[in-house]
**Q** 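Shown below is the structure under consideration.
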Amino acid sequence: MQLQFWGAAGAAVVVALVSGVAEHRRRRRRDLERVGLMPWMAIQMAALFAALVLASVALNSQ
């Protein structure tokens, strides 16, 4: 069971990294009129929070 929590925490970290790269690309876009629809910063914060919670549960599970 603990391994599943670590796997989910790892997946959440990957989502946070991908959304961080997407946010970086969005900020450095050449055409300022092409705005995106995805709230990458909010996705990144939610993924980091999920990773923190899942890692905490994995550490506290037997």
Side-chain angles (χ1 to χ4, degrees):
M1 191 70 165
Q2 186 179 15
L3 187 60
Q4 291 174 343
F5 286 124
W6 282 117
V13 168
V14 169
V15 169
L17 289 173
V18 169
S19 63
V21 169
E23 176 67 19
H24 177 73
R25 290 188 62 195
R26 186 192 67 84
R27 287 183 188 233
R28 295 183 45 90
R29 68 186 182 272
R30 290 179 193 236
D31 186 8
L32 296 178
E33 298 297 321
R34 292 189 59 190
V35 296
L37 297 175
M38 298 300 291
W40 292 115
M41 186 63 73
I43 293 170
Q44 185 179 21
M45 290 299 120
L48 287 173
F49 179 72
L52 182 67
V53 168
L54 287 164
S56 175
V57 170
L59 286 173
N60 290 321
S61 67
Q62 304 288 354

**Q** Nearest 0.5 Å, please: how far is CD in Q2 from CG in N60?
**A** 9.5 Å
**Q** Nearest 0.5 angstrom please: L17 CG to S19 OG, how far?
**A** 7.5 Å
**Q** How far apart are the closest heavy atoms of A55 and A9, and which atoms are they?
**A** N-CB, 4.0 Å
**Q** Flag yes if L48 and M41 sit in one hydrophobic cluster, no otherwise; membership is Ile, Leu, Val, Met, Phe, Trp, Tyr, and two members link when side-chain heavy atoms are under 4.5 Å apart.
**A** yes
**Q** Say whether V15 and V53 are linked into one hydrophobic cluster, either directly or through other cluster members, by side-chain heavy-atom distances under 4.5 angstrom.
**A** no
**Q** Between R29 (side chain) and R34 (backbone), is there a donor-acceptor pair under 3.5 Å?
**A** yes
**Q** Quick check: are there more than 12 heavy atoms from other residues, nucleotides or ligands sitting under 6.0 Å from CZ of R25?
**A** no
**Q** Between NE2 of H24 and CD of Q44, what distance do you get to the nearest 0.5 Å?
**A** 12.0 Å
**Q** So if you build clusters from Ile, Leu, Val, Met, Phe, Trp, Tyr with side-chain heavy-atom gaps below 4.5 Å, do V57 and M1 land together?
**A** yes
